[in-house]
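For clarity, every value in this text was computed on a predicted model and none was experimentally measured.
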Amino acid sequence: MVWGDTLSALALRFGTTVQNLVNLNNISNPNLIYVGQKLLIQIGSSNEQQEITYTVVWGDTLSALALRFGTTVSSIASLNNIPNPNLIYVGQKIRIIVTGENDDIHDCGHVIYKIKWGDTLTSIARKYGVTIESIAEENDIANPNLIYAGDTLRICTSIMDT
C-alpha cells in the first residue's frame with residue numbers, strides 16, 4: 001500500500017470488489033488500511049477474463065507485461081492503440097485483458113503462484129522475469145529441481161509498485 005491507496009481504488013484497478021479484498025485479507029474495517037500494508041488481490045478465476053488497467057513503472061516492457069499477465073504483446077498493443085510496442089512510458093496507463101488461467105494472487109510486490117504439472121523453476125522464473133535462485137530462497141527450496149504440482153510459491157516481483 002502506498003499513500004492515497006483505498007480499497008475501492010485497488011478493487012477498480014485490479015477488476016475485483018472491495019468485498020473480495022476485505023474477505024481475502026480478513027479486514028475488519030475496510031476504511032482503515034495502512035501505508036506499507038500488504039494485501040492479497042485475486043486477479044482472475046479459472047473461467048473468466050477481465051480487463052485491468054496497469055500503470056507502467058520503470059523497467060516495464062510490453063513483452064514482460066504480456067508474460068506476467070498471460071497475454072501477448074500484440075494483444076496489449078492493439079487494445080491500447082500502441083503503434084510501436086517497443087515504446088511505452090513510465091506512468092502510462094495500459095489496459096490488459098487478464099485470463100483466469102493463472103489464478104495468481106498478488107500481495108503488493110509478490111505473486112502467489114500455484115505450481116502446475118510440468119512447471120519447472122526455470123519456466124516459472126522466466127514467466128515472471130526473476131531468477132531461479134530468488135524463488136528458491138524466498139520459498140526455502142533446498143533442491144530447485146524438485147517442486148510439486150499443487151504447491152504454491154511466493155515470487156518477488158515489482159508488479160504492484162503502481
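In this structure, Lys114 NZ and Leu153 CG are separated by 12.0 Å, a value rounded to the nearest 0.5 Å. Residue Asp151 holds its CG atom at 12.5 Å from NZ of Lys116, rounded to the nearest 0.5 Å.
For Thr53, the side chain to side chain donor-acceptor pair (under 3.5 Å) test picks out no residue, with sequence neighbours left out. Under the side chain to side chain donor-acceptor pair (under 3.5 Å) criterion, Thr131 pairs with Ser134, sequence neighbours left out. With sequence neighbours excluded, the residues that form a side chain to side chain contact (heavy atoms under 4.5 Å, CB included) with Ser75 are Thr71, Thr72.
Applying the salt bridge (charged side-chain N to carboxylate O under 4.0 Å, His left out) definition to pairs two or more places apart or across chains, those involving residues 69-96 are Glu51-Arg95.
In this structure a side-chain-to-backbone donor-acceptor pair under 3.5 Å is missing from Asp60 to Val56. Put simply, the side chain of Asn29 gets close to the backbone of Asn31: a donor and an acceptor are under 3.5 Å apart. The main-chain N or O of Ile115 is never found under 3.5 Å from a side-chain atom of Asp119 such that the two would form a donor-acceptor pair.
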Could you give the side-chain donor-acceptor pairs of residues 82-92 under 3.5 Å, partners two or more places apart or in another chain?
residue	atom	partner	partner atom	Å
Asn84	OD1	Asn86	N	2.9
Gln92	OE1	Tyr89	N	2.8

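Shortest non-hydrogen contact noted between Ile135 and Asn139 is O-ND2, 2.8 Å. Between Pro144 and Ala142, the closest heavy-atom pair is CD-O, 3.5 Å. Scanning all heavy atoms of the two residues, the minimum distance from Ala136 to Leu121 falls at CB-CD1, 4.5 Å.
Inter-residue side-chain proximity for Ile94 and Leu62 is flagged as met; some heavy-atom pair is nearer than 4.5 Å. The side-chain heavy atoms of Leu79 and Ile96, taken from C-beta on, include no pair separated by under 4.5 Å. Side-chain contact between Ile124 and Ile147: present, with at least one pair of heavy atoms (C-beta onward) separated by less than 4.5 Å.
Leu146 forms part of a hydrophobic cluster together with Tyr148, judged by ILVMFWY side-chain heavy-atom separations under 4.5 Å.
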